Amino acid sequence: MPLSRHLADHVAAIGFDDLNDHTIDATRRALLDATGVMLAASGLAPDAAPFRAQVIAEGGTAEARVLATPMRVPMAAAAFANGALGHALDFGDTFDVGPAHPNAALVPALLAIADADPTIDGARFLAAMALGSDLACRISLAPARPFEEGGWYPPPFAGLIGAAAASAKLLGLDAGGIVQAIGLALCQASFPAEIKHDAATRLRGVREAFAARAAVSGALLAGRGVRAFAAPLEGRGGFFALHGGGVRAEVLLDRLGTRFLGDEVSFKPWPACRGTHAYIEAALALRSQTAADRIVGIEAEIGPVQEMLVNPPAAKAAPASAIEAKFSIPFTIAAALVYGSVTLDSFDAAALTDSAVLAIAAKVQPVRNPTWGRAEAASGSVTIVTSDGRRLHHAVPQAAGHPDRPMPNDSLVAKFVDCCGRAAEPITAERARALADHLLALGPGAPILPL
């Protein structure tokens, strides 16, 4: 059986009743987190505003909500606008062992579909989401060579494929339709690595807009009978051949149906690139051991994955925008040491010009560990050198928020409540807690997002 069809058969066949309690709970937590992050971005992410303005200007059938506005637009347009919010604050979940943010495009895509069809309940939604998240994670692990070696930016590609399959499932398509939805989605989106290499681009934060829209559009077209390819993933000119030098099918299919990799995402305690989290944690652990004016140097142990978080040095020490600051090990270390916390307020205009933060950031130097690789993507250590000759060291093998060091539900709810209060149309803490309770108990017969 073709690999794409095998995966589609799996996605089509699994329903809510086939999921174990752990997977259902993990999917609810991921939905809570993704929804809160999108709501916060509606009020805090100016880079996402043009996407909302575009779909509102285009208009069309009033099917699905543009979050934190009174507007309804066609499904794919809502996925586009809300998808721009999914990663805009770099506060959503991440799959540490693969280059994936599996829910950043998936949740806005599925919310758009569910908004347009009130018969879709929590059970159908969670089943589609669990399967889409799992598939995105699997895609991120399965290329024969790293996607980056071919010049591609993998996270939105993985999210695109997972979201396309899940969107087709939520629309009620069979396995054949799911295969075609994946192919049609791939025809609509491309994610070159310039997204992360071009220092001036703002697409790094909003790229999931393109994946979410393509996923919904691809599924809708497949539902209308449009045919793409029989083997969009493994074909001679398919996704893996073009972007990954081939596919490791044994990795893609490993424990399919018994292990849902979406259960293994990490939730972010701090609103910055996951690669900075170990350094934030280490800096917070060392902060009480010395005064800032006693710091003469800071060493940050890094591997190849963290190179983009320290280069170019001058830009990372004095980032010009919030998204650049969130992708800077020097800036996030400095923010942690100066403020004693890293929050959504740590990247506003005032924080970017804070002389105390910039002075500390300028003292951070990378120390390369030649043994580190992808397995250390969420690892790090910080050594502070003081004026009296001390070397204060703290290592973090696995940053907080990983399933081995999970965020408890009360912390996730607190994060959600804070995010809701920052939305373009703020939600009160009382209402936000009620909404969090609803999402954490979502199941058969329940509406998805009663805002």
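Keep in mind that this is a model prediction, so the values were computed, not measured.
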Exercise for the section: Return yes if some donor-acceptor pair links the side-chain N/O of R138 with the main-chain N/O of D254 below 3.5 Å, else return no. Expected result: yes

Handout entry: More than 12 heavy atoms from other groups under 6.0 Å of CG on D410
Key = yes

Handout entry: Which atom of R433 lies closest to which atom of V417, heavy atoms considered
Key = CG-CG2, 3.6 Å

Exercise for the section: For the residue pair S4 and E234, confirm or rule out a side-chain donor-acceptor distance under 3.5 Å. Expected result: yes

Handout entry: Check: L85 main-chain N/O paired with E208 side-chain donor or acceptor under 3.5 Å
Key = no

Problem - Side chain to side chain, T332 and L309, heavy atoms closer than 4.5 Å - result: no

Practice task
Return yes when atom CD of E250 has more than 12 non-hydrogen atoms of other residues, nucleotides or ligands closer than 6.0 Å, and no otherwise.
Solution key: yes

Exercise for the section: Say whether, by atom type as modelled, one donor and one acceptor occur between the side chain of R65 and the main chain of M71 under 3.5 angstrom. Expected result: no

Practice task
Check step by step if salt bridge (Lys or Arg N to Asp or Glu O under 4.0 Å) holds for E281 and R405.
Solution key: CA-CA 13 Å; E281 188 173 347; R405 303 180 61 204; 2.6 Å; yes

Exercise for the section: Please round to the nearest 0.5 Å and tell me the distance separating atom CG of L110 and atom CG of L126. Expected result: 10.0 Å

Practice task
Please confirm whether the backbone N or O of D93 pairs with a side-chain atom of H101, one donor and one acceptor, at under 3.5 Å?
Solution key: yes

Exercise for the section: Evaluate the side chain to side chain contact (heavy atoms under 4.5 Å, CB included) criterion for residues R52 and S42: first the C-alpha distance (whole Å), next the side-chain angles of each, then the deciding distance (0.1 Å), finally the verdict. Expected result: CA-CA 9 Å; R52 284 180 287 161; S42 73; 4.0 Å; yes

Completion exercise
Shortest non-hydrogen pair, A219 vs A181, comes out as CA-CB, 3.7 Å

Practice task
Search all heavy atoms of L141 against all heavy atoms of V97 and return the closest pair with its distance.
Solution key: CD2-O, 3.4 Å

Exercise for the section: Kindly compute the distance separating CG (N369) from CD (E301), expressed to the nearest 0.5 Å. Expected result: 4.5 Å

Handout entry: Worked check of side chain to side chain contact (heavy atoms under 4.5 Å, CB included) between Y279 and I302
Key = CA-CA 10 Å; Y279 304 91; I302 69 164; 3.6 Å; yes

Fill in the blank from the handout: One should read off an interatomic distance between L32 CG and C419 SG, to the nearest 0.5 angstrom, of 9.5 Å

Handout entry: Heavy-atom side-chain contact between L252 and I139 under 4.5 Å
Key = yes

Exercise for the section: Among L31, L67, D115, find the one that has a side chain to side chain contact (heavy atoms under 4.5 Å, CB included) with L449. Expected result: L67

Practice task
Check step by step if side chain to side chain contact (heavy atoms under 4.5 Å, CB included) holds for R145 and R248.
Solution key: CA-CA 9 Å; R145 67 162 190 242; R248 296 186 295 161; over 6 Å; no

Practice task
Show your working on side chain to side chain contact (heavy atoms under 4.5 Å, CB included) between E58 and V73 and close with a plain yes or no.
Solution key: CA-CA 9 Å; E58 290 175 352; V73 296; over 6 Å; no

Practice task
For a ring pair (Phe, Tyr, Trp, His ring centres under 6.0 Å) with F191, tell me which candidate from Y153, F147, F157 qualifies.
Solution key: F157

Practice task
Indicate, with yes or no, if the rings of F125 and F16 have centres closer together than 6.0 Å.
Solution key: no

Practice task
Answer whether the closest heavy-atom distance between the side chains of R431 and C420 falls below 4.5 Å.
Solution key: no

Practice task
Could you check whether the rings of H87 and F327 sit parallel, tilted or perpendicular, using 30° and 60° as the cut-offs?
Solution key: perpendicular

Problem - Flag, side chain of K169 to backbone of I14, donor-acceptor distance under 3.5 Å - result: yes

Exercise for the section: Look at the side chain of Q188 and the backbone N and O of L184, then say whether any donor-acceptor pair between them is shorter than 3.5 Å. Expected result: yes

Fill in the blank from the handout: In this structure, CG of L203 is separated from CD1 of I195 (nearest 0.5 Å) by 6.0 Å

Completion exercise
All heavy atoms of A144 vs all of G245, minimum pair found to be CB-O, 3.4 Å

Problem - D345/R422 under salt bridge (Lys or Arg N to Asp or Glu O under 4.0 Å): CA gap, chis, key distance, verdict - result: CA-CA 11 Å; D345 298 319; R422 298 171 183 268; 3.0 Å; yes

Problem - Min side-chain heavy-atom separation P143-V247 under 4.5 Å - result: no

Handout entry: Check: L442 and I24 side chains under 4.5 Å, non-hydrogen atoms
Key = no

Handout entry: Under 3.5 Å: donor-acceptor pair, side chain of T258, backbone of R255
Key = yes

Completion exercise
Looking only at heavy atoms, the pair that brings A278 and V396 closest together is O-CG2, 3.5 Å

Practice task
Report yes if the side chains of F416 and D33 come closer than 4.5 Å at any heavy-atom pair, otherwise no.
Solution key: no

Exercise for the section: Would you check if the side chain of S140 reaches a backbone N or O of C137 as a donor-acceptor pair within less than 3.5 Å? Expected result: yes

Practice task
Evaluate the side-chain proximity of E324 to R204: yes if any heavy-atom separation is below 4.5 Å, no if none is.
Solution key: no

Practice task
Measure from the side-chain N and O atoms of Q180 to the backbone N and O of A228, and report whether any donor-acceptor pair falls under 3.5 Å.
Solution key: yes

Problem - Backbone N/O of M308 and side chain of N311: donor-acceptor pair under 3.5 Å - result: no

Completion exercise
Of all heavy-atom pairs linking V55 and A77, the shortest is CG1-O, 3.4 Å

Problem - Close side-chain approach of P403 and S266, heavy atoms under 4.5 Å - result: yes

Handout entry: Polar contact flag, side-chain donor to acceptor under 3.5 angstrom, Q398-D96
Key = yes

Completion exercise
Output for pair (M129 CE, L131 CG), nearest 0.5 Å, gives 11.5 Å

Completion exercise
Between the CH2 atom in W270 and the OG atom in S341, the distance rounded to the nearest 0.5 Å is 10.5 Å

Practice task
Indicate yes or no: does D90 engage K326 in a salt bridge with an N to O separation below 4.0 Å.
Solution key: no

